[in-house]
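Accompanying notes for the structure given below.
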Amino acid sequence: MTMRLVQIAMNARDDAELGRFWAAALDWESSVEEPGIVTNLEPKGFSYPDASAVVIDVITVDDPKTVKNRVHVDLATTSAEHHAQLVARLTELGATPVDIGQGDVPWTVLADPDGNEFCVAEPREDHRDTGPIAAVVADCADPRAMARFWDEAMDWTLHSVTDEEAVLRSAQGVGPYLRLVRTPDVKTVKNRVHLDLRPYRGGDRAAEAERVRGLGAADIDLGQGDEVPWTCLVDPEGNEFDILTPA
């Protein structure tokens with residue numbers, strides 16, 4: 001048994017408010033999991049979990065955003081016209097341009113109403129079948145080492161790896177990519193966006209947690225307690241992720 005990436009968890013000051021933004025931005029459906037705490041976002045007609053999409057849980061937290069997120073999403077576009085139209089629509093929804101030192105690049109960097117950075121990617125052939133989220137992008141110090149960890153931690157396929165970037169995608173060849181991008185930034189606070197992995201039906205959460213500990217993961221106490229149906233861990237670079245119950 002193994003696991004796959006099924007969703008990202010995104011912290012917010014108000015889950016419902018930020019959920020409305022992302023539902024409109026992606027043209028997805030939103031539903032309330034816990035009023036005032038968790039809003040779920042997924043494609044219309046989606047049967048969770050499915051490799052065709054990595055869905056989003058928006059979670060209300062008290063702590064404010066203080067640094068650039070180490071995990072963000074890239075949105076897909078199909079043409080220069082579509083890129084311009086999408087940036088304009090997102091701006092109308094409440095997104096704002098943000099300078100994170102990107103310089104002159106072919107993509108557009110924005111922040112959602114809660115300050116979470118994301119990119120509207122330039123048209124790329126490998127984004128044509130990803131859905132609206134082209135990639136989940138995670139900062140790291142060593143893409144090669146992180147590729148080894150995530151390639152073993154879950155059943156996604158490693159497509160490429162260099163000193164600057166590693167790229168993985170679902171073994172089914174659908175949905176968004178996971179891009180591990182080398183950055184000089186050092187992790188200083190708990191990530192406001194993290195990955196959630198789920199074992200397949202018939203798997204065992206505790207066994208999977210023990211397996212990834214052997215790959216370099218470690219336990220972390222975020223105040224979750226002992227009764228929650230997930231296991232909180234950090235990868236070898238200290239980035240938080242959760243293992244959920246099998247499904």
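Residue numbers count from 1 along this sequence. Note: hydrogens, waters and symmetry copies are ignored here, and every other heavy atom, side chains too, is used.
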Can you tell me how far [atom2] of [Y] sits from [atom1] of [X], rounded to the nearest 0.5 angstrom?
X	Y	atom1	atom2	value
L222	L233	CG	CG	10.0 Å
N69	R192	CG	CZ	7.0 Å
I243	M154	CD1	CE	12.0 Å
T78	H83	OG1	NE2	11.0 Å
T157	L168	OG1	CG	8.0 Å
D112	T96	CG	OG1	8.5 Å

Hydrophobic clustering (ILVMFWY, side-chain heavy atoms < 4.5 Å, transitive) - are [Y] and [X] grouped together?
X	Y	answer
F149	L158	yes
L197	V136	yes
M10	L26	yes
W150	V161	yes
V137	L195	no

Salt-bridge contact [X]-[Y] (side-chain N to carboxylate O under 4.0 Å):
X	Y	answer
E210	R213	yes
E208	R211	yes
E164	R182	yes
E165	R179	yes
R13	D114	yes

Indicate the atoms forming the closest heavy-atom contact of [X] with [Y], along with that distance.
X	Y	result
L244	Y48	CD1-OH, 4.0 Å
T77	H82	CA-ND1, 3.3 Å
D196	D242	OD1-CB, 3.2 Å
W28	E42	CB-O, 3.1 Å
A76	G131	CB-O, 3.7 Å
A53	P176	CA-CD, 4.3 Å

Between [X] and [Y] (side chain of the first, backbone of the second, donor and acceptor by atom type, cut-off under 3.5 Å), is there such a pair?
X	Y	answer
D204	A207	yes
Q172	S170	no
R205	P199	no
K187	V189	yes

Any non-hydrogen side-chain atom of [X] less than 4.5 Å from a side-chain atom of [Y]?
X	Y	answer
R148	R144	yes
R198	T245	yes
S52	F46	yes
N239	V71	no
I220	K190	no
H72	C119	yes

Original post:
How are the rings of H159 and Y177 set relative to one another: parallel (under 30°), tilted (30 to 60°) or perpendicular (over 60°)?
Top reply: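 Geometry flag for Y177 against H159: perpendicular rings.
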Subject >> For W156, ring pair (Phe, Tyr, Trp, His ring centres under 6.0 Å) partners two or more places apart >> reply: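 Testing W156 for ring pair (Phe, Tyr, Trp, His ring centres under 6.0 Å), a comparison that skips the adjacent residues, returns none.
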**OP:** For F21 and N116, run side-chain contact (heavy atoms from CB on, under 4.5 Å): C-alpha distance rounded to whole Å, both residues' side-chain angles, the deciding distance at 0.1 Å, then the answer.
**Re:** CA-CA 12 Å; F21 169 83; N116 299 300; over 6 Å; no
Subject >> For R169, the option from D151, D126, D129, D155 that meets salt bridge (Lys or Arg N to Asp or Glu O under 4.0 Å) >> reply: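 Running salt bridge (Lys or Arg N to Asp or Glu O under 4.0 Å) over D151, D126, D129, D155 with R169 returns exactly one hit, D129.
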May I have the list of side-chain donor-acceptor pairs in residues 55-66 shorter than 3.5 Å, sequence neighbours left out?
unit_1: D57; atom_1: OD1; unit_2: N40; atom_2: ND2; d: 2.5
unit_1: D57; atom_1: OD2; unit_2: Q7; atom_2: NE2; d: 3.1
unit_1: T60; atom_1: OG1; unit_2: D15; atom_2: N; d: 2.8
unit_1: T60; atom_1: OG1; unit_2: D15; atom_2: OD1; d: 2.6
unit_1: T60; atom_1: OG1; unit_2: G36; atom_2: O; d: 3.4
unit_1: K65; atom_1: NZ; unit_2: V67; atom_2: O; d: 3.0
unit_1: K65; atom_1: NZ; unit_2: G115; atom_2: O; d: 3.3
unit_1: K65; atom_1: NZ; unit_2: E117; atom_2: OE2; d: 2.8

If you look only at distance, which donor and acceptor atoms sit under 3.5 Å apart when one is on a side chain in residues 86-93 and the other is two or more places apart or in another chain?
unit_1: R89; atom_1: NH1; unit_2: A24; atom_2: O; d: 2.9
unit_1: R89; atom_1: NH2; unit_2: A25; atom_2: O; d: 3.0
unit_1: T91; atom_1: OG1; unit_2: V87; atom_2: O; d: 2.8

